[in-house]
Protein chains: 2
Amino acid sequence: MERTMVDIERATTALKLLGDKTRLTIIGLLRGNECCVCEFVEILQMSQPAISQHLRKLRDAGLVQEERKGHWIFYKLNENSDIFPLVVSVLEHIPDQKEKLEALEKSGKRIKCD
Amino acid sequence: MERTMVDIERATTALKLLGDKTRLTIIGLLRGNECCVCEFVEILQMSQPAISQHLRKLRDAGLVQEERKGHWIFYKLNENSDIFPLVVSVLEHIPDQKEKLEALEKSGKRIKCD
DNA sequence: TGCAAATATAAGCATATACTTATATAGTGA
DNA sequence: TCACTATATAAGTATATGCTTATATTTGCA
């Protein structure tokens, strides 16, 4: 249980980031998946700069990690973050977002890089 | 588990409210306690209108309930709210705030109305 | 080597947010 | 009924936030 506690300031940083529909959806999509920017753009129907700016905030706070693979930069949850347990707890209360990724896959727009 | 799920919009509403240090502390103080406005003012060292405005937002979203007892209006967590389970999950990751109430009690400023 | 795709960054702007101060309202007790 | 206490509300303001458009950077490939 120790490992899951953070101080109030750190918690508010995380919660403020999660308290935005776009970012919460992004984090939901990253639950068990890696995604690149253009996938978020497609799923969320938002401009690329808007998505990149959200991802930057998430990365600055340590919630996500990025990894370049060729043309694409893939994002994933940072499981080593002090606030990762808090993030997981929050995700347990919202609907799974994986259908959106499956829809992407069906439309042939999902990016695979392995 | 069904009972603890909310849609993304509702979750962001709750998380946005919790993503503020003052409000998260208020919610933390209300975990297992009832408090009146003047106690929050004392503990958080903020102006009464500022506290009242935060409480109004929390009440408007259904996170807390108010009950007048004589001079004072006591606030408590709304355990019937759809987002109560989410709130509880979040609180499990932050330090207990009850020492602050105990300190109030020691200084004779805790309000009891029973 | 040069171009196209994916992404990041910068600047500008409209709206949201969290205070402040001033004032209104409600309950209690003399 | 009046005055005091606790709280709410309103209006104003400074700062934060989330977009937009324009531009820079990085990589793979012809």
Side-chain angles (χ1 to χ4, degrees), chain A residues 8-9 12-27 29-30 34-61 63-76 104 108-114, chain B residues 8-9 12-27 29-30 34-61 63-76 104 108-114:
Chain A
I8 293 256
E9 280 82 2
T12 56
T13 298
L15 294 167
K16 205 169 298 189
L17 288 168
L18 298 176
D20 172 274
K21 187 182 175 182
T22 302
R23 286 190 299 258
L24 186 56
T25 306
I26 286 174
I27 294 294
L29 287 163
L30 292 179
E34 298 194 357
C35 299
C36 65
V37 180
C38 57
E39 293 176 320
F40 294 128
V41 169
E42 181 68 26
I43 292 174
L44 295 164
Q45 291 290 300
M46 289 180 59
S47 75
Q48 175 267 314
I51 295 292
S52 280
Q53 283 158 15
H54 282 301
L55 287 168
R56 179 131 137 78
K57 290 181 186 184
L58 292 171
R59 193 197 51 189
D60 285 352
L63 265 83
V64 304
Q65 288 176 314
E66 60 177 52
E67 183 189 354
R68 181 177 276 277
K69 294 183 185 174
H71 273 307
W72 301 277
I73 297 179
F74 281 77
Y75 283 85
K76 63 179 170 187
L104 250 207
K109 292 173 181 162
R110 182 90 164 103
I111 313 285
K112 284 281 173 196
C113 260
D114 294 314
Chain B
I8 292 257
E9 280 82 2
T12 57
T13 298
L15 294 166
K16 204 169 297 186
L17 288 168
L18 296 176
D20 172 275
K21 187 182 175 182
T22 301
R23 286 190 297 257
L24 185 57
T25 306
I26 286 174
I27 294 294
L29 287 163
L30 292 180
E34 297 194 357
C35 300
C36 64
V37 179
C38 57
E39 293 175 319
F40 294 128
V41 169
E42 180 68 26
I43 291 174
L44 295 164
Q45 291 289 301
M46 289 180 59
S47 75
Q48 174 266 313
I51 296 293
S52 279
Q53 284 159 14
H54 282 300
L55 287 168
R56 179 132 137 77
K57 290 182 184 183
L58 293 171
R59 193 198 49 190
D60 285 352
L63 266 84
V64 303
Q65 288 175 314
E66 61 178 49
E67 180 188 357
R68 182 177 274 277
K69 295 182 184 174
H71 273 306
W72 301 276
I73 297 178
F74 281 77
Y75 284 85
K76 62 180 172 188
L104 250 206
K109 290 173 181 162
R110 182 88 162 104
I111 313 285
K112 284 280 174 198
C113 260
D114 295 317

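Basis for what follows: all heavy atoms, side chains included, without hydrogens, waters or symmetry-related copies. Here is how names work: the chains are called A, B, and so on, in the same order as the sequence lines, proteins then strands, and each is numbered from 1.
In this structure, the CD atom of A/E34 is 13 Å from the P atom of C/dT7, given to the nearest Å. For the pair A/K69 NZ and C/dT7 P, the interatomic distance rounds to 13 Å; values are reported in whole Å. Nucleotide D/dG18 holds its C1' atom 16 Å from the CG atom of A/L18, rounded to whole Å. One interatomic measurement links the two molecules: CD1 of A/I51 to C1' of C/dA8, which rounds to 13 Å at whole-angstrom precision. At whole-Å resolution of the value, CZ in A/R68 and P in D/dT27 are 5 Å apart. Note: CG (B/L55) to C1' (D/dT7) measures 10 Å, nearest angstrom. D/dT26 atom C1' lies 10 Å from atom NE2 of A/H71, rounded to whole Å. In this structure, CD of B/E67 is placed 14 Å from P of C/dG27, rounded to the nearest angstrom.
Of the inter-residue distances, the one linking B/K112 atom NZ with B/W72 atom CH2 reads 13.0 Å to the nearest 0.5 angstrom. A distance of 10.0 Å separates NZ in A/K69 from SG in A/C36, rounded to the nearest 0.5 Å. The CG atom of B/L104 sits 9.0 Å away from the SG atom of B/C38 when rounded to the nearest 0.5 Å. Atom CD of A/E34 is separated from atom CD of A/E67 by 6.0 Å, given to the nearest 0.5 angstrom.
Contact of the B/V64 side chain with the B/I27 side chain is registered, since non-hydrogen atoms from C-beta on lie closer than 4.5 Å. Counting only heavy atoms from C-beta outward, the side chains of B/E42 and B/E39 never approach each other to under 4.5 Å. In this structure, B/T22 and B/F40 have side chains that are not in contact, with every pair of non-hydrogen atoms separated by 4.5 Å or more. Within the 4.5 Å cutoff, the side chain of B/L44 has heavy atoms near those of the B/I26 side chain.
Listed pair A/R56 / C/dA8 fails the phosphate criterion, with no side-chain N or O lying under 4.0 Å from OP1 or OP2.
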Base versus backbone protein contacts along nucleotides 11-22 of chain C [heavy-atom cut-off under 4.0 Å; B, S, -]: B-----SSBBBB

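With D/dT7, C/dT9, C/dA8 as the candidates, the nucleotide lying closest to the side chain of A/E66 is C/dA8.
Residue-level contact check: B/Y75 touches the backbone only, with heavy atoms under 4.0 Å from sugar-phosphate atoms and none from bases.
When base pairs are accepted only as Watson-Crick or G-U wobble with both N-N or N-O distances under 3.5 Å, DNA chain C takes part in stems of 3 or more pairs at C:1-30 with D:1-30.
A side chain to side chain contact (heavy atoms under 4.5 Å, CB included) with A/L18 is found for one member of A/L58, A/T13, A/L24 and no other, namely A/L24.
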